Amino acid sequence: MLDALARLGRIGIGILGHIGRGHLLLLSILGGIPALFRRPRLLVDQIYAVGVLSMLIIAVSGTFVGMVLGLQGYYILSQFGAEQTLGVMVAASLVRELGPVVAALLFAGRAGSALTAEIGLMGATEQLSGLEMMAVNPVKRILAPRFLAGLISMPLLAAIFSALGVMGGYFVGVGLLGVDDGAFWSQMQAKIDLHEDVYNGVIKSLVFGLVCTWIALFQGYYATPTSEGVSRATTRTVVHSSLAVLGLDFILTALMFGD
Amino acid sequence: MTSVSKPLVKVRNLHFSRGDKVIFEGVDLDIQRGWITAIMGPSGTGKTTLLKLIGGQLRPDSGTIEVDGMDVHRLGTRDLYQLRKRMGMLFQSGALLTDISVFDNVAYPLREHTGLPETMIHKLVLLKLEAVGLRGARDLMPGALSGGMARRVALARAMALDPMMIMYDEPFTGQDPISLGVLVKLIGSLNDASRLTSIVVSHDVGETAQIADYIYVISRGKVVDQGMPEQMMTSDAPWTRQFMKGLPDGPAPFHYPAAELEKDLMGH
């Protein structure tokens, strides 16, 4: 009984220590961001690696998700004679929920895992130690540009996801199923609110970008410096990020759209 | 070898442990200026840990480490980084940044810390690479280098800021005889030509004894012997004798601690 209690206590202390280390790391990363304005090149390189290279998967997924939404939406809405509102349904689902959430899940799988593996391997091959001994702070030089790049890229990727999703829905709804072109766009224009829908979606994707990149960098930086350690850390990044995105989405949705 | 003056590195009563494992219990060392000091001992005695403690990457449980009169572990981050600019460290793996070329690796500390114009950096990098014989390899990526070449590039990088001291972590491990000879010669000649102080952590007795001015032997968390290389080679102390001559059995037993063989065999 006492043993079990002690074990539970140890696990609790371990989790708290983990959270503490994560926040300290975040603080030092944030401390390294001002220096990036003097060396924008570091940031641009990372936006390319984290954001631009994730664009293809985001674009393709966005298009298909939009097409499926168009298809499913049409079948349900047409039962009530409301297929003219298909544009609103597709756009609202994408901008409010699917854009930020699915883009973040894909981002965690594509860019987050790559970040963890890269940083973890840099640790395992002593490159991070090497930087420290060259009097270069690896948190500021390596982690901070990647963090900011994730934060900037995520909302843009979510926007691309949503935009292409709307086009996918348009293609299926208007192009294939014969929904009226004008109704599709004008209903969307009338019902989608800039503050209520678009801004809230952007806030969500900013939060998801922060959390996913933070988790990826934390896991990489504190990965056990062996191949097994890096592989575990990469898996943890995807699992933790996905759960965090889904959990936070519920909380944010409740805060934004709940009365 | 220059005359003995105030030591550059002073380690006093150093205690360090990782979890339950005690690595150092009461180590005292002096690293004299201008000398090549070797720290030797079998694998797993914490030689690399000692270098990380000197470089301020790890904190001791107790005891002090002074480098050039400054207590490393009492320095603030800014001062510690200033001190590190004057220390070079050669990691066992080389620790080169794998996504940039040999040239950019050597240029890295210069670009980070000096603000020199690119033309000047270009010349300095070529000179450093020339010193290690790899000027022609400047455009290669680290992945295309052999282990020995990677260490030489890392050495050029460690010297880029003209440090007062270089720490070598197992520089001879896993090298073929030719690159071994090159590294031994380089470490010796660079120390003399650049008026450096060198700390070589190694378990390669022959190579290290060739270039070292002074040797410390560490085992089980303590300094067990010290002296000039020739004294160490002829030492009667059982531990030193076993280590320097590579004897399979002695104070460090051949057998890992176990129950008696007969009991073990009969038990099943």
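So that the names make sense, note that chain A is the first sequence line, chain B the second, and so on, each numbered from 1. Because only heavy atoms are used, hydrogens play no part in the values below, and waters and symmetry mates are left out as well, while side chains stay in. All of these numbers come straight from a predicted model, not from anything done at the bench.
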- prompt: Taking the inter-plane angle between the rings of B:F103 and B:H122 on a 0 to 90° scale, is it parallel (under 30°), tilted (30 to 60°) or perpendicular (over 60°)?
  reply: tilted
Tell me, for [X] versus chain A, whether the close heavy atoms (under 4.5 Å) come from the side chain, the backbone, both or neither.
X	result
B:T77	neither
B:M89	side chain
B:L96	backbone

Looking at [options], which makes the most heavy-atom pairs under 4.5 Å with chain A?
options	value
B:G56, B:A95, B:G88	B:A95
B:K52, B:R157, B:Q92	B:R157
B:L83, B:D99, B:L97, B:L80	B:L97

field: Ring centroid separation A:Y222 to A:H18 under 6.0 Å
entry: no
- request: Just do the side chain to side chain contact (heavy atoms under 4.5 Å, CB included) check on B:F16 and B:V27 with the steps written out, would you?
  value: CA-CA 10 Å; B:F16 182 79; B:V27 167; over 6 Å; no
message: Quick one about A:E228 and A:T226 (side-chain donor to acceptor, distance below 3.5 Å, no hydrogens or angles considered), yes or no?
response: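 There is no such pair (donor and acceptor under 3.5 Å, judged by atom type) between the side chains of A:T226 and A:E228.
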- prompt: Which bit of A:L131 comes within less than 4.5 Å of chain B, counting heavy atoms only: side chain, backbone, both or neither?
  reply: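 It is the side chain, since no backbone atom gets that close.
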field: Interatomic spacing from CG in B:L161 to OH in B:Y108 - rounded to 0.5 Å
entry: 12.0 Å
message: Does any part of the side chain of B:L14, heavy atoms only, come nearer than 4.5 Å to the side chain of B:L50, both counted from C-beta?
response: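 Touching, per the 4.5 Å side-chain cut-off.
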